[in-house]
Amino acid sequence: MLEATYRVRDSAVLDAPIDEVWPIVRDIVRLVPLVFGEGFEACHWVEGCSAEQVPARYEVKSRSSGTSVLEVVGRSETEYFVTYRLVGQALGITGYIATYQLRPITTEPDRTFLDWARQFAVAPGNDPAKVVPAMASSTAKEALALKKHFSKRSTPAPR
């Protein structure tokens, strides 16, 4: 039997040039505290991995759902994307894979477009009518958290 797959997506315009945003987005361990805020306890690389490796595993310990193991499975330094997947299941989902992609806004070089797409299946015993909207809401909140983070950066002095 085929498993239903769901997709959620959100985007934001960040008030920072891509060269400021990319070092944070490419390193998931730096990114997680920004998007989860007070909802997480810890995030760290495991198995000797680092932001410089692909694949690279990391653990996220959430206040609500415990510890999850994820893995960076793709990254492009020229296309500005990082793709990661959930190892196992958490939060009522399985088969989770997500990509953050950045694009420069050519008419506004001090701003960056963020696109975040997530794909997943609902784990057995969980209600898609609850899990899917929760994932969509989470994606929107996390994109907004990044937007807020970059809106707080100091504005350069006029030249």
Under 3.5 Å: donor-acceptor pair, side chain of [X], backbone of [Y]:
X	Y	answer
Q101	E79	yes
D27	I24	no
T112	A16	yes
K61	C43	no
Q53	S50	yes
S151	K148	yes

To check you understand the geometry: which heavy-atom pair defines the closest contact between [X] and [Y], and what is its length?
X	Y	result
V82	V25	CG1-O, 3.6 Å
E71	P55	OE2-CB, 3.4 Å
P124	Q89	CD-OE1, 4.4 Å
P33	F40	CA-CE2, 3.2 Å
A12	A143	CB-O, 4.2 Å
P133	P128	CD-O, 3.6 Å

- Partners passing side-chain contact (heavy atoms from CB on, under 4.5 Å) against T139 (at least two apart in sequence or in another chain):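 Partners of T139 under the side-chain contact (heavy atoms from CB on, under 4.5 Å) test: V8, D10, W116, R118.
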
[atom2] on [Y] to [atom1] on [X], rounded to 0.5 Å:
X	Y	atom1	atom2	result
Y96	T5	OH	OG1	14.0 Å
D15	R111	CG	CZ	4.5 Å
L14	L102	CG	CG	7.0 Å
R26	L31	CZ	CG	12.0 Å
D110	I18	CG	CD1	12.5 Å
R9	T99	CZ	OG1	8.5 Å

- Message: Can a side-chain donor-acceptor contact be found between W45 and E59 if the only test is distance below 3.5 angstrom?
- Response: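 There is no such pair (donor and acceptor under 3.5 Å, judged by atom type) between the side chains of E59 and W45.
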
- Item | Full working for side-chain contact (heavy atoms from CB on, under 4.5 Å) between T94 and L86 | CA-CA 7 Å; T94 187; L86 175 66; over 6 Å; no

Can you tell if the side chain of [X] reaches within under 4.5 Å of the side chain of [Y], non-hydrogen atoms only?
X	Y	answer
V60	Y58	yes
V21	L114	no
M135	I93	yes

Is it true that [X] and [Y] fall in one hydrophobic cluster, defined by side-chain heavy atoms closer than 4.5 Å?
X	Y	answer
L91	Y6	no
F36	V29	yes
V32	F150	yes

- Knowing that exactly one of V73, V69, L70, V72 qualifies, which makes a side chain to side chain contact (heavy atoms under 4.5 Å, CB included) with R57?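 For R57, the side chain to side chain contact (heavy atoms under 4.5 Å, CB included) test succeeds with only one of V73, V69, L70, V72, which is V69.
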
- Pairs where residues 125-136 contributes a residue and the test salt bridge (charged side-chain N to carboxylate O under 4.0 Å, His left out) is met, not counting sequence neighbours: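 Checked against salt bridge (charged side-chain N to carboxylate O under 4.0 Å, His left out) - neighbours excluded - no pair reaches residues 125-136.
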
- Message: Would S11 and F113 count as a side-chain contact (heavy atoms from CB on, under 4.5 Å) here? Give the steps.
- Response: CA-CA 7 Å; S11 62; F113 180 78; 3.5 Å; yes

- Message: So that I know where these two stand, are Y80 and Y100 an aromatic pair - ring centroids less than 6.0 Å apart?
- Response: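 When the ring centroids of Y80 and Y100 are compared, they turn out to be at least 6.0 Å apart.
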
